[in-house]
Every structure is written in C-alpha cells, then in structure tokens.
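Input: a single structure, listed below in structure tokens.
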Number of protein chains: 2
Amino acid sequence: MAFKIGLLGLGTVGAGTAEILLNPELRHPLVQEIEIGKVGVRSLDKPRPVDLPADLLTTDLEAIVTDPNIDIVVEVIGGLEPARSLILKAIAHGKHVVTANKAVIARYSDEIFDAASTAGVYVMIEAAVAGGIPVIQPLKQSLSVNRIHRVMGIVNGTTNYILTRMAREGADFDAVLADAQRLGYAEADPTADVDGLDAADKIAILASLAFGGRIKLPEVYCEGIRSISAADIAYADRLGFVIKLLATALREPSAPDDATDHLQVRVHPTLLPKSHPLASVNDVYNAILFEGDPVGQVMLFGRGAGSGPTASAVVSDIQNIVAILKATGSRSPHSTADLHLLLACIHQHYCTISPMDEVVSRFYARFLTRDMPGVIGRLGTCFGDHDVSLESVVQIGFQDDLAEIVVVTHDVREGNFRKALAEIRGFEGVAEIPSVLRVL
Amino acid sequence: MAFKIGLLGLGTVGAGTAEILLNPELRHPLVQEIEIGKVGVRSLDKPRPVDLPADLLTTDLEAIVTDPNIDIVVEVIGGLEPARSLILKAIAHGKHVVTANKAVIARYSDEIFDAASTAGVYVMIEAAVAGGIPVIQPLKQSLSVNRIHRVMGIVNGTTNYILTRMAREGADFDAVLADAQRLGYAEADPTADVDGLDAADKIAILASLAFGGRIKLPEVYCEGIRSISAADIAYADRLGFVIKLLATALREPSAPDDATDHLQVRVHPTLLPKSHPLASVNDVYNAILFEGDPVGQVMLFGRGAGSGPTASAVVSDIQNIVAILKATGSRSPHSTADLHLLLACIHQHYCTISPMDEVVSRFYARFLTRDMPGVIGRLGTCFGDHDVSLESVVQIGFQDDLAEIVVVTHDVREGNFRKALAEIRGFEGVAEIPSVLRVL
C-alpha cells in the first residue's frame with residue numbers, strides 16, 4: 001500500500017513537490033510508492049501550475065493533519081501560523097513531517113522536536129536551509145563524525161544577488177534593490193532578506209546541527225546589508241576583498257575542550273579575501289563551508305531557493321522517511337528508542353552563545369573627517385588606548401570637503417573596538433563614520 | 001551489545017578510522033555503540049600511529065571476515081587482491097562492508113553488489129570517491145529525486161596540485177611532478193594519478209550512481225596530463241581558460257527521453273572558462289558538480305584524499321549501517337526486500353557508453369608550422385572539409401624557426417576532428433601538433 005502524503009500548500013514549493021512526485025521519468029522505486037493523498041490550499045478556484053484531481057484539494061488543513069490515511073505531512077505554506085500549529089497537530093496524530101519552513105524551525109524546533117521524539121515520528125528539514133543543496137542530511141550523516149569548528153555560509157540568495165550586482169555595476173544598494181524587486185529576485189517587503197533575518201534563521205538551524213545543541217534565535221546577532229555602499233565595495237576591492245553577507249557559527253577558539261557549546265552565531269556583511277572559497281559564490285547561489293576535524297574544509301554549493309531546488313529537497317526528505325519505514329516494516333509511529341538516529345533530532349540542551357562584545361574579529365571602518373592636521377594621529381591614539389591594534393590607516397580621497405579615511409584593524413575584541421568608535425564619534429574633526437564592517 | 005568492526009588494514013586510512021572511533025570527544029551516541037573487534041595487518045611488529053590493544057591485531061585477514069563476532073568489515077587495505085576476495089567472503093558470511101577501495105568498486109561492483117543483495121547486507125563506499133566530501137550518500141538520497149544530466153568533477157588531488165603549480169609558476173610538467181613526489185603529493189609510480197586512471201575509477205562509480213546503471217570500466221575514455229605544457233597553460237590563460245583534469249559523465253543530449261543509459265563517461269584535461277565553478281578549485285582540493293532537474297547546479301567541494309577526510313567518510317558509513325541496524329532491531333542479514341533502499345545499491349542493468357568518435361565537443365589544438373604562406377588557409381580548408389567549424393585561428397608566436405598556431409573549434413564531432421587532424425599531420429608545412437585538448 002502506497003505511502004500517503006498530505007501536502008499543506010500548493011504555492012511555488014508545493015507545486016514543485018507535486019510535479020516531482022507525478023513525474024513518470026523519475027523511476028526510483030521509492031517514488032512509485034508515494035502517493036499524494038490530500039492537498040490543502042487557501043482557495044479551490046485558483047489556477048494551479050500542476051494538474052491534480054480536484055477531489056484531492058481541500059481548504060480544511062486541520063482535516064489533513066488528523067486524517068488517519070495520511071502517513072506524512074508536508075508543510076510548505078510558510079509563515080509562523082498556522083504552520084507551527086499544523087505541524088504540532090500532525091505530530092500529535094502520529095504523522096511524520098517534512099517542512100521547508102526555516103522560520104518555524106528556527107523558532108520552535110525545541111517544542112517540535114520534543115513532540116516528535118515523544119510521538120516517535122520524524123521531522124525532516126532539508127528544504128529549510130539552502131534549497132536544493134544537500135546540507136542537512138550530510139550534516140547529520142557524513143559530517144556527524146567530525147568535530148566541527150566553524151560553519152560559514154552565504155545562505156540568502158536575494159542579498160547575494162544584490163551584492164553581486166552592486167560589485168559588478170558599481171551601483172548603490174537602493175537602485176539594485178529596486179531593480180531586484182522589479183525582476184522578482186527580491187520581495188515587495190525585503191526586510192527578512194536584506195536585514196539578515198532569513199539568514200539568521202538558517203544559521204541557527206545549521207549551528208544547532210553542527211554543534212549538537214539548541215540555539216535561541218534572539219541570541220543570534222544579525223546585521224543586514226542596507227548600509228553597504230558602492231564606495232565600500234570599491235575600497236574593499238582595492239584591499240583585495242569582496243563583501244558578502246555571511247552567516248557564521250563557530251566554536252569559541254578559547255573555549256575549553258569540554259565546553260562544546262560556547263558558540264558565536266552571527267549574520268553580518270563581511271569582507272572576504274578574494275581567494276576564499278566563498279568569495280566566488282555569486283548571484284542567487286548559496287554555499288556553506290564547514291571546517292572540522294578530521295575532515296578539513298567541505299563546501300556545499302548550489303541554488304538556495306526556487307521551486308525546483310526546494311522541491312528536490314522536500315521530496316528527498318519524503319523518500320528518506322519512506323525508505324526507513326519500509327526497512328523497519330512499520331509505518332506507524334516508532335518508539336522513541338527505535339528512531340533512526342541519523343534522521344531524528346537527538347540533542348536537547350541549549351548552546352551558550354557568546355555576547356558580541358566578546359567576539360574577536362578584524363574590522364574595516366570608513367571615516368569622513370575634516371582635513372585637520374593630526375586627525376589620523378588622534379584616531380590611532382584612541383584605538384591604541386582601547387587595545388585596538390591597527391593593520392592600516394589610509395586616506396583614500398576626498399568626499400565634498402571631507403577627507404575619507406579607511407582603517408583596517410588586526411583581531412580585536414568587539415567591545416573594545418565599539419568603545420573606541422564611540423569616543424571617536426565625539427572628536428571635533430570626525431564628521432561621520434559611514435561604515436563599520438567585519439573582515440575575515 | 002556493541003557493534004563489532006573488523007578493520008582490514010591499519011595504514012593511513014585505517015589508523016585514521018581507528019582514531020575517530022577511539023576519540024572521546026566524538027559524542028554521537030552511535031559511535032559509542034561501535035567497537036573495534038579485530039584489526040588485520042600485514043606485520044604485527046610495525047609501529048602504529050594509533051594505540052590499540054595488542055590482542056586486537058592479527059595477520060590472519062581471512063579469520064576476520066569469517067569471524068561470527070564481527071558485524072561490519074571495513075576494508076582499507078587498497079589494491080585489487082586480496083581486497084576483492086576478502087570483501088566477497090565477508091559478504092558471504094553475512095557481514096556488512098565499508099570500503100574505501102575505488103579500484104575494486106569500479107571493477108567489481110557488479111559481483112560485489114549482486115552478492116550483497118543476495119546476502120541482504122550493505123556495502124558502503126562513501127570513502128571510495130573524493131575522500132571526506134559527502135558525495136555518495138547525497139547522490140543516493142538528496143539528489144536521487146532528480147534527473148541528472150551531467151556530473152563533472154576534479155576528483156584527483158595529485159593532478160590538480162600539479163596543474164595548479166604549473167599555472168602559478170609557469171613550470172613544466174616534469175619539474176612539478178618531481179617536486180610533488182619529493183613533497184609526498186605524488187607517488188613514486190605516479191601512473192594511476194597522472195594518466196587519469198584513478199579519476200576514471202571514480203567517475204565510473206559516480207556515473208553509475210547518478211544515472212542508475214552499471215558502467216564497464218574499460219569503456220571509460222581516459223587521458224592524463226603528461227602532455228600538458230607550460231605553453232598550453234599560458235595560451236589557455238590568454239584565451240580566458242584554466243586547464244583542469246576533468247572527469248565527466250553525461251547523458252547524451254541527443255538521446256531520446258527513454259534512453260536513460262546513453263552516456264558519455266570520460267577523463268581528460270579540459271580548458272575551463274575561468275568563471276566556471278570548478279575553475280577556482282585548486283591545489284589538492286576536489287570538487288564535483290552535478291547538473292540536474294529540478295535541482296539545477298549543485299557542487300560539493302573539499303579534500304579528496306588523506307587520512308582524516310577519508311576516515312571521516314569511512315566512519316560515517318559505519319554509522320549509517322549501525323543506525324539502520326538499530327532502527328530495524330536486527331543485526332543479522334536482512335532479506336533483500338527489507339534493505340534500506342537509499343543505502344543499498346538497486347540497479348542491475350548496464351549503461352551504454354557512446355564511443356568517443358561520436359562525442360561532440362570543442363577543441364583546442366596547437367600547431368608548429370613552417371612559416372609558409374597559406375598554411376593557415378590549408379588548415380582552415382581541411383577542417384572545413386571535415387565539418388569542423390573554427391572559432392579562432394591565431395598565430396601566437398614563433399618557437400625556434402616554427403610558427404606557433406592555436407586553433408579553437410566550435411562544437412564538433414570528435415571523429416571528424418580526428419580525421420582532419422590526421423590529414424593535417426601529413427601536410428608538408430606542419431612540423432608538429434604538440435597539443436590537442438578539449439574545451440568546455
């Protein structure tokens with residue numbers, strides 16, 4: 001008897017998922033045992049890009065997640081509610097769940113995975129991070145034997161597209177954003193993308209899997225790309241860097257060996273050396289770089305969004321569940337002890353996230369100063385007073401009547417750097433500090 | 001009761017595997033249930049980089065693969081025999097097998113997977129291709145819902161290291177090879193690497209998984225990098241290309257939709273546009289690019305060899321087997337029907353490989369000609385007579401008394417190009433054709 005899918009949502013990803021499941025060219029024997037049982041939609045009248053029998057469609061999503069004939073609920077409606085409640089209700093009714101919902105997983109993974117563990121069902125989330133790039137299962141399986149030190153990724157296609165075009169065209173943020181919206185690469189309300197919130201959801205999920213502990217989303221530091229100017233991109237280029245919105249999670253290098261959960265988790269624009277593997281990831285492409293022992297560097301690259309890539313991830317999760325249900329010969333909920341440990345989520349404690357003030361990194365800062373004698377000297381002295389050691393201080397030109405000075409630091413404690421900046425902002429000769437960016 | 005590993009070989013990869021299994025920092029609950037039961041070595045007296053109780057070591061490898069206490073045999077001795085026989089005997093005795101042996105798998109996968117299927121055991125090969133990069137399991141799982149069009153990879157670290165240094169230093173092959181041997185990046189007998197045989201083994205394995213059919217290794221076209229000169233790398237650079245040893249498997253674009261098994265599978269140096277994702281993969285790094293529907297492009301990058309990365313892949317395979325054995329509650333052989341379909345090998349037919357003469361690609365060729373009037377015209381006419389359309393013909397300089405001419409073609413049938421070349425070789429004005437390379 002076929003495994004029955006209850007599909008919640010028939011938008012871009014839902015339609016892509018249905019297309020794969022209905023595609024006769026895909027001959028993997030597992031796909032042939034999967035059947036779309038019900039499809040929950042908001043309106044029955046809307047035209048659909050995929051041909052489904054009318055009697056599969058319903059607007060009653062609750063009825064799907066409680067339907068005894070449904071084995072696996074696939075949630076692709078997005079948003080926090082009713083997605084979260086439907087997922088929880090599906091779990092409570094013994095359904096396995098596949099979801100592409102990074103927002104829900106980043107915020108409610110604790111209650112969702114606790115419920116799944118109690119109910120003995122799988123909750124699969126490959127599609128929630130980086131679309132079609134296999135990253136969640138490789139983290140759970142191939143990389144799980146490693147001690148991961150750092151996860152670093154370009155995980156938001158919209159901002160990468162904007163930054164790539166800014167770099168290629170020498171254009172400023174607002175102009176490229178407007179064009180990206182016109183072309184459909186950015187949403188009408190671009191907040192979640194350009195302010196880094198979407199990337200924060202994703203790095204929270206990746207960090208949780210890479211470091212084996214739960215992450216509280218509000219503790220993830222998040223800074224977007226609105227303040228990046230064409231000038232910064234040009235100066236970065238001259239210094240040998242590209243600017244990317246990086247999502248980073250790393251184990252504090254200073255943490256003792258047994259403190260596996262002292263982490264930095266943060267999203268912010270970063271100056272990356274041009275030779276870095278992530279520096280050449282352009283346009284809407286995503287890539288995630290893992291560094292661990294003993295595997296070294298591993299990078300996974302591909303399309304991070306879109307109907308096809310995301311649906312590919314959704315269906316691979318469905319297949320994974322069906323394969324394990326077939327192998328164990330039981331489609332009803334498992335006892336917790338019998339769950340497949342490379343598919344189930346097994347950690348329950350929370351990681352400790354270091355406050356940003358304690359994070360050590362390099363900085364790039366651009367100052368506009370009245371061209372007074374001694375202003376570079378006063379900057380240098382003030383940074384020195386706060387233990388901020390400088391790699392270079394360069395006056396790169398003039399803007400109106402103001403001298404433009406770019407400072408690059410060595411590794412410094414963020415708190416010290418911020419204190420020095422606050423003092424410098426009060427200097428008579430300093431008109432403005434238009435940009436402060438981190439350097440890898 | 002712990003799952004017992006019989007480790008065949010305690011060289012680089014074997015020692016790395018033992019190190020991971022004995023590392024107390026790796027807390028994945030699955031690793032704690034894995035125990036090294038026996039270790040087969042050639043000599044008991046050799047000093048080892050890893051500390052193992054002396055009574056685990058034995059020189060009787062046959063006794064390991066028949067030992068009723070061993071659940072999983074890990075073969076990391078390499079070479080064809082006795083590796084192949086030991087693997088088959090282990091399977092016959094109901095052991096699951098993990099192997100890093102690309103040479104055995106590329107040649108004997110048919111008998112090995114047939115035997116495994118009959119015995120109801122798993123044979124896992126993540127470590128056989130591209131070391132620590134998760135590629136076999138992502139192919140079986142995440143990407144298996146896609147229709148793959150092309151797999152293209154840099155899968156041999158030694159040749160990539162040599163080509164990278166040749167490009168950086170403007171050096172010739174022999175000098176860099178000698179230095180690579182001195183530094184341990186190339187073996188004393190470099191044949192398997194520099195002649196492309198190792199890459200051929202790997203692309204045969206990848207093609208088999210990507211296209212769901214068996215590949216006969218002798219049908220894989222294979223050309224190494226010995227003929228690449230500093231001059232070719234420099235000319236390629238001027239034309240906007242880098243030269244990489246590429247392993248490629250693709251579905252014939254002209255094949256009808258139901259001919260899933262009309263493939264090209266080949267290894268040869270290739271001129272890659274500098275903007276191509278694989279072009280910036282340098283040094284000993286490997287990367288594999290998949291193109292498929294609906295996922296689009298996916299690239300997996302990392303260290304393709306070495307103790308740590310390869311051992312990471314071996315242990316992840318062991319974990320995968322233990323996870324499924326625990327989930328199914330049985331460590332004895334499964335019935336074939338109950339094998340987990342995303343771990344087991346399920347295809348049995350053979351793919352049809354197109355002969356190279358029929359392959360269509362672009363070519364780069366360098367000619368040394370006596371500077372006679374009309375030689376370019378005669379080249380052009382001869383290529384035209386054989387339906388070889390040229391993109392550019394450039395005289396790039398002189399070498400001794402000879403004019404050096406570089407020709408780049410459009411897409412042409414290889415057979416036609418070869419016939420034209422044979423004719424041109426007979427031209428009075430043509431002294432030599434030092435290089436003929438394919439262009440992507």
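A note on names: the letters A, B, ... follow the listed sequences, proteins ahead of strands, and every chain is numbered from 1. These numbers were taken from a predicted model, which means no experiment stands behind them.
When each of B/P134, B/G132, B/S275 is scored by its heavy-atom pairs under 4.5 Å with chain A, the top score falls to B/P134. Of the listed residues (A/I20, A/V298, A/V145), the greatest number of heavy-atom pairs within a distance under 4.5 Å of chain B belongs to A/V145. Between chain A and the residues B/Q141, B/Q297, B/Q319, the most heavy-atom pairs under 4.5 angstrom are made by B/Q141.
Just one of B/V129, B/V151, B/L206 meets the side chain to side chain contact (heavy atoms under 4.5 Å, CB included) condition when paired with B/L139; it is B/L206. When the options B/I321, B/V315, B/V322 are evaluated for a side chain to side chain contact (heavy atoms under 4.5 Å, CB included) with B/I34, the one that passes is B/V322.
With B/S117 contributing its side chain and B/F113 its backbone, the two residues share no donor-acceptor pair below 3.5 Å. A distance-only check finds a donor-acceptor pair linking the side chain of B/N160 to the backbone of B/Y285 [under 3.5 Å]. Judged by distance alone, with hydrogens and angles left aside, the side-chain atoms of A/K244 form a donor-acceptor pair with the main-chain N or O of A/V281 at under 3.5 Å. Side-chain atoms of B/K140 come within 3.5 Å of backbone N or O of B/L343 as a donor-acceptor pair. Looking at B/T99, its side chain never comes within 3.5 Å of a backbone N or O of B/I125 through a donor-acceptor pair.
Heavy-atom distances place no part of B/I136 under 4.5 Å from chain A, backbone and side chain included. Neither the backbone nor the side chain of B/F290 comes within less than 4.5 Å of any heavy atom of chain A. Both the backbone and the side chain of B/A323 come within contact range of chain A, with heavy atoms under 4.5 Å apart. Heavy atoms closer than 4.5 Å to chain A are found in the side chain of B/E126, but not in its backbone. At a 4.5 Å heavy-atom cutoff, the contact between B/Q137 and chain A is made by side-chain atoms alone. Contact of A/I318 with chain B is not made at all, since no heavy-atom distance falls under 4.5 Å.
Within 6.0 Å of OH in B/Y161 there are more than 12 heavy atoms belonging to other residues, nucleotides or ligands.
Close approach to chain B, defined as a heavy atom under 4.5 Å from one of its heavy atoms, is seen in A/L300, A/F301, A/G302, A/R303, A/G308, A/P309 of residues 300-309 of chain A, taken by number.
Side-chain atoms of A/S312 and B/N146 include a donor-acceptor pair closer than 3.5 Å.
A parallel orientation is assigned to the rings of A/H96 and A/Y122, their planes being inclined by less than 30° (bins at 30° and 60°).
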